[in-house]
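Below, all heavy atoms of this structure are taken into account, side chains as well, without hydrogens, waters or symmetry copies.
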Amino acid sequence: MAGPRRTRPSTFRCAAATLLAVAVVVVIVVLLWLFLHPSKLDISVDHASTKGFNFTSTGGLAGAFDLTLHAVNPNERAGVYYRWVDVGVWYNGTYLAGAHAPGFFQEPEGETRVDVAARAPEGGWTLPGEVEESIKRERTNGRLTVDVHVVAKVRFRYGVVKTRRYTVRASCPGVAIDFASQTSFHRLPCYVHI
């Protein structure tokens, strides 16, 4: 005696099962993303001063901008690997100096202080005349206002799982450097984009 004959599932049943499986996967991915989505990082300039700040005979800039950045990871579950950090100092759209800081790891809800000395480029580099005159005027008044831009490559870590690499860009406009009192400075928050 032969057993009951099995019928093949219809095309409709196969399509319905596939759609249900895709819907379940999408819901799982969305829930994981909502649960694990990293919060925006906070970056600020805690201190800014100059060292050896002067103009060369060719109209270039000599010296360095000593900057202290304050990086905060507000995420409760995610640590952050900073692969590297690049810092640039700009004045009215003109690049003045830059620095590269090595990478570091930041624990969840951690804070890190990053000290950099952004040096002016050496050799044959000259500032446009109007920029040089404007900087000299501000220096005579005792205060120079620059923009600091930060670019970093980061990865978030949830336990043993690491995310893809993200590029973090921070813009810190209006960083005032006081030549009269190098110690007076108020923390300036940056606009951070991931």
Side-chain angles (χ1 to χ4, degrees), residues 37-55 60-76 78-121 125 127-128 130-156 165-194:
H37 180 68
S39 298
K40 192 181 339 181
L41 303 173
D42 295 325
I43 297 176
S44 61
V45 178
D46 271 6
H47 181 75
S49 63
T50 59
K51 186 186 324 176
F53 186 83
N54 211 344
F55 291 97
L61 186 64
F65 293 89
D66 290 331
L67 303 168
T68 300
L69 303 176
H70 184 241
V72 177
N73 175 13
N75 295 291
E76 295 176 4
V80 182
Y81 283 105
Y82 283 82
R83 186 166 182 180
W84 47 260
V85 178
D86 282 339
V87 179
V89 178
W90 296 73
Y91 179 80
N92 289 346
T94 303
Y95 177 78
L96 298 181
H100 179 81
F104 57 91
F105 176 71
Q106 198 170 41
E107 294 289 336
E109 297 182 326
E111 298 183 18
T112 305
R113 178 181 162 157
V114 181
D115 294 317
V116 294
R119 303 203 180 285
W125 179 75
L127 289 171
E130 65 275 359
V131 171
E132 181 181 353
E133 290 305 316
S134 182
I135 290 175
K136 285 180 180 178
R137 257 192 322 276
E138 283 198 37
R139 183 177 178 191
T140 303
N141 293 335
R143 176 176 268 178
L144 177 65
T145 303
V146 297
D147 297 332
V148 175
H149 296 282
V150 180
V151 178
K153 280 286 188 192
V154 301
R155 291 177 91 168
F156 294 94
R165 288 188 179 97
Y166 291 92
T167 300
V168 175
R169 297 179 192 281
S171 175
C172 318
V175 176
I177 299 171
D178 194 348
F179 289 104
S181 173
Q182 297 280 333
T183 58
S184 68
F185 191 85
H186 299 288
R187 177 179 287 173
L188 182 73
C190 303
Y191 303 105
V192 180
H193 308 283
I194 296 180

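Considering CG of L41 and CD of Q106, their distance stands at 7.0 Å, rounded to 0.5 Å. Going from atom CZ of F55 over to atom CG of L61 covers 5.5 Å, rounded to the nearest 0.5 Å.
Within the 3.5 Å criterion, the main-chain N or O of T145 finds a donor-acceptor partner in the side chain of E138. Side chain of T140 to backbone of K136: a donor-acceptor contact under 3.5 angstrom is found. Remark: the backbone N or O of G63 is not paired with any side-chain donor or acceptor of N54 at under 3.5 angstrom.
Residue A97 comes nearest to P121 through the heavy atom pair CA-CD, 4.4 Å, listed as atom of the first residue, atom of the second, then distance. Of all heavy-atom pairs spanning D66 and A117, the tightest one is OD1-CB, 3.5 Å. Contact between R119 and A64 at its shortest, heavy atoms only, is NH1-CB, 3.3 Å. Taking each heavy atom of S171 and H149 in turn, the nearest pair found is OG-CE1, 3.4 Å. Minimum heavy-atom separation, D178 to G142: OD1-O, 3.1 Å. Among all heavy-atom pairs drawn from E107 and N73, the shortest one is O-ND2, 3.2 Å.
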Checklist entry - Does the pair V85 and V116 meet the rule for a side-chain contact (heavy atoms from CB on, under 4.5 Å), with working shown? => result CA-CA 10 Å; V85 178; V116 294; over 6 Å; no

Item to check | Chi angles and distances behind the side-chain contact (heavy atoms from CB on, under 4.5 Å) call for V87, V148 | outcome: CA-CA 7 Å; V87 179; V148 175; 3.8 Å; yes

Checklist entry - Do I177 and R143 pass the side-chain contact (heavy atoms from CB on, under 4.5 Å) test, and can you show the C-alpha distance, the side-chain angles, and the key distance before you say yes or no? => result CA-CA 5 Å; I177 299 171; R143 176 176 268 178; over 6 Å; no

Item to check | Derivation and outcome, side-chain contact (heavy atoms from CB on, under 4.5 Å), residues F53 and L144 | outcome: CA-CA 11 Å; F53 186 83; L144 177 65; 3.9 Å; yes

Run the side-chain donor-acceptor check on residues 187-194: report pairs under 3.5 Å with partners two or more places apart or on a different chain.
unit_1	atom_1	unit_2	atom_2	d
R187	NE	D46	OD1	2.5
R187	NH2	D46	OD1	3.3
R187	NH2	D46	OD2	3.1

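The side chain to side chain contact (heavy atoms under 4.5 Å, CB included) search around E109 returns E76, not counting sequence neighbours.
Here the rule is side-chain contact (heavy atoms from CB on, under 4.5 Å) with T94, and of V131, V146, V89 only V131 fits it. Under the ring-ring contact (aromatic ring centres under 6.0 Å, His included) rule, Y81 has a single partner from F104, F105, F156, Y166, which is F105.
The shortest side-chain heavy-atom distance between D147 and P173 falls under the 4.5 Å cut-off.
Residues T112 and Y82 have side chains that never bring a donor and an acceptor to within less than 3.5 angstrom of each other.
Around atom CZ of R139, more than 12 heavy atoms belonging to other residues, nucleotides or ligands sit under 6.0 Å away.
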